[in-house]
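Below you'll find the structure, written out as structure tokens, and then a few comments.
We number each residue from 1, following the sequence as shown.
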Amino acid sequence: LEAAKAIEVDGKTIETTIAEASGKIGEKLSLRRIKTFTKNDDEVFGAYSHMGGKIVTLAVLEGTDEEVAKDVAMQIAAMRPLYLDKDSVPTERVEKEREILTEQAENEGLDANKLPMIVNGRLNKFYEEVCLLDQGFVKENKMKVSKYVESKNMKVLSFVRYEVGEGMEKREENFADEVAKQMNA
């Protein structure tokens with residue numbers, strides 16, 4: 001992160017550019033997250049920026065079709081996958097989800113003998129939400145992202161998605177308490 005802040009763009013460091021922008025708009029801006037990617041000659045970057053840069057994504061794909069890479073980056077912006085595929089989901093997360101789904105199925109009074117099958121079906125739905133390659137492709141929803149990419153002789157290797165303000169805690173303040181505090185000051 002510190003090395004990134006020292007990078008010069010148009011004769012100014014990124015840190016200086018951020019400080020100047022903060023002063024200009026009167027809001028504190030900061031660079032909190034960064035991820036670097038490298039690619040080989042037989043790989044391509046797919047980048048996508050949405051809402052004037054409020055959401056940005058970058059994907060690295062094996063192959064050379066930049067349009068396919070951009071489509072995948074757009075998918076990441078729209079559908080917010082957390083993981084590349086099922087194998088990327090941490091075991092603890094899968095077990096927690098399985099526990100929740102089992103409890104839900106039990107509370108619904110479903111047949112105990114069919115519970116494992118029902119839970120596995122619901123777990124597959126979970127994977128379709130959080131795993132990029134298992135999601136329905138936004139441009140052709142009947143096709144999974146994995147099938148779309150394979151049909152273009154490509155393979156998704158990695159990705160990142162950033163959204164402005166994501167992960168920042170929002171202060172919850174009671175307006176009446178805030179006014180009372182100012183009145184007593």
Side-chain angles (χ1 to χ4, degrees), residues 1 4 7 9 14 17-18 21 29-102 104-105 108 116-170:
L1 193 58
I7 293 172
V9 178
I14 290 177
T17 303
I18 291 171
L29 301 175
S30 63
L31 179 62
R32 298 181 299 114
R33 300 168 291 169
I34 187 168
K35 186 164 182 169
T36 57
F37 290 93
T38 57
K39 70 172 191 67
N40 298 324
D41 291 341
D42 63 340
E43 297 169 351
V44 64
F45 287 127
Y48 183 72
S49 176
H50 187 66
M51 294 173 42
K54 290 185 178 175
I55 298 172
V56 293
T57 62
L58 182 71
V60 182
L61 282 78
E62 187 176 281
T64 57
D65 191 329
E66 290 182 11
E67 273 306 305
V68 172
K70 184 174 181 179
D71 284 346
V72 170
M74 190 182 310
Q75 170 84 22
I76 295 162
M79 300 305 292
R80 299 178 175 193
L82 301 173
Y83 310 101
L84 179 62
D85 55 20
K86 292 176 185 176
D87 295 334
S88 306
V89 183
T91 307
E92 312 82 57
R93 176 79 194 263
V94 174
E95 290 310 313
K96 182 70 177 164
E97 196 64 30
R98 185 180 299 280
E99 188 180 299
I100 291 167
L101 294 172
T102 302
Q104 286 174 348
E108 292 170 14
M117 184 177 68
I118 292 167
V119 169
N120 284 339
R122 291 180 179 179
L123 195 56
N124 284 332
K125 286 286 189 197
F126 164 76
Y127 288 132
E128 288 175 8
E129 290 176 21
V130 301
C131 297
L132 173 64
L133 297 179
D134 292 319
Q135 292 179 339
F137 182 51
V138 290
K139 287 188 167 183
E140 181 66 46
N141 204 25
K142 292 179 180 160
M143 181 185 292
K144 301 257 184 231
V145 171
S146 58
K147 294 296 177 202
Y148 168 70
V149 172
E150 285 172 20
S151 75
K152 303 296 185 177
N153 297 316
M154 296 182 74
K155 179 182 176 185
V156 182
L157 301 175
S158 59
F159 72 90
V160 67
R161 179 186 190 278
Y162 288 131
E163 187 169 340
V164 172
E166 182 180 56
M168 293 188 69
E169 292 181 21
K170 292 183 177 146

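The environment of CD in Glu67 is sparse: at most 12 heavy-atom neighbours from other residues, nucleotides or ligands sit within 6.0 Å. Annotation for Lys70: atom NZ does not count as buried by contact number, only 12 or fewer foreign heavy atoms lying within 6.0 Å. Surrounding CD of Gln104 are more than 12 heavy atoms belonging to other residues, nucleotides or ligands, all under 6.0 Å away. Atom NZ of Lys147 has 12 or fewer neighbouring heavy atoms from other residues, nucleotides or ligands inside a 6.0 Å radius.
Nearest heavy-atom pair across Val89 and Tyr83 is CG2-CD1, 3.6 Å. Taking every heavy atom of both residues into account, Thr64 and Met154 meet most closely at N-CE, 3.9 Å. What you find for Asp71 and Lys139 is that their closest heavy atoms are OD1-NZ, 2.8 Å. Across all non-hydrogen atoms, the minimal contact from Pro81 to Cys131 is CB-C, 4.3 Å. The minimum heavy-atom distance linking Val138 with Met79 is given by the pair CG1-CG, 3.6 Å. In plain terms, the two heavy atoms of Val60 and Thr38 that are nearest each other are CG1-O, 4.3 Å.
Atom CD1 in Ile14 sits 4.5 Å away from atom CD1 in Ile7 (nearest 0.5 Å). The CG atom of Leu133 sits 13.5 Å away from atom OH of Tyr127, with the distance rounded to the nearest 0.5 Å. Remark: Ile118 CD1 to Leu123 CG distance equals 13.5 Å, nearest 0.5 Å. With rounding to the nearest 0.5 Å, the separation of CD1 in Ile76 from CG in Leu82 is 11.5 Å. To the nearest 0.5 Å, the span separating NZ on Lys86 from CG on Asn124 amounts to 4.5 Å. Rounding to the nearest 0.5 Å places CZ of Arg98 at 5.0 Å from CG of Asn120.
Classification of Lys96 and Glu99 as a salt-bridged pair holds, one side-chain N sitting under 4.0 Å from a carboxylate O.
No side-chain donor-acceptor contact under 3.5 Å links Glu140 to the backbone of Phe137. Side-chain N or O atoms of Asn40 include none that pairs as donor or acceptor with a backbone N or O of Asp42 at under 3.5 Å. Side chain of Glu43 to main chain of Leu61: no donor-acceptor pair is present (N/O by atom type, distance under 3.5 Å, no hydrogens or angles). Panel note: side chain Arg161, backbone Thr57; no donor-acceptor pair is recorded below 3.5 Å. A donor-acceptor distance shorter than 3.5 angstrom exists from the side chain of Gln75 to the backbone of Gly136, with no hydrogens or angles considered.
Phe159 is listed as a side-chain neighbour of Leu132, based on a closest heavy-atom distance under 4.5 Å. In this structure, Leu1 and Leu31 have side chains that are in contact, with non-hydrogen atoms separated by less than 4.5 Å. Residues Tyr48 and Ile55 have side chains not in contact (no heavy-atom distance under 4.5 Å, counting atoms from C-beta outward). Looking only at side-chain heavy atoms (C-beta outward), Leu58 and Lys35 stay at 4.5 Å or farther from each other.
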(request) Please assess Glu97 against Arg122 for the test salt bridge (charged side-chain N to carboxylate O under 4.0 Å, His left out), listing each intermediate value before the final yes or no. (result) CA-CA 10 Å; Glu97 196 64 30; Arg122 291 180 179 179; over 6 Å; no
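Each of Arg33, Arg80, Lys54 was scored for a side chain to side chain donor-acceptor pair (under 3.5 Å) with Glu166, with one residue passing: Arg33.
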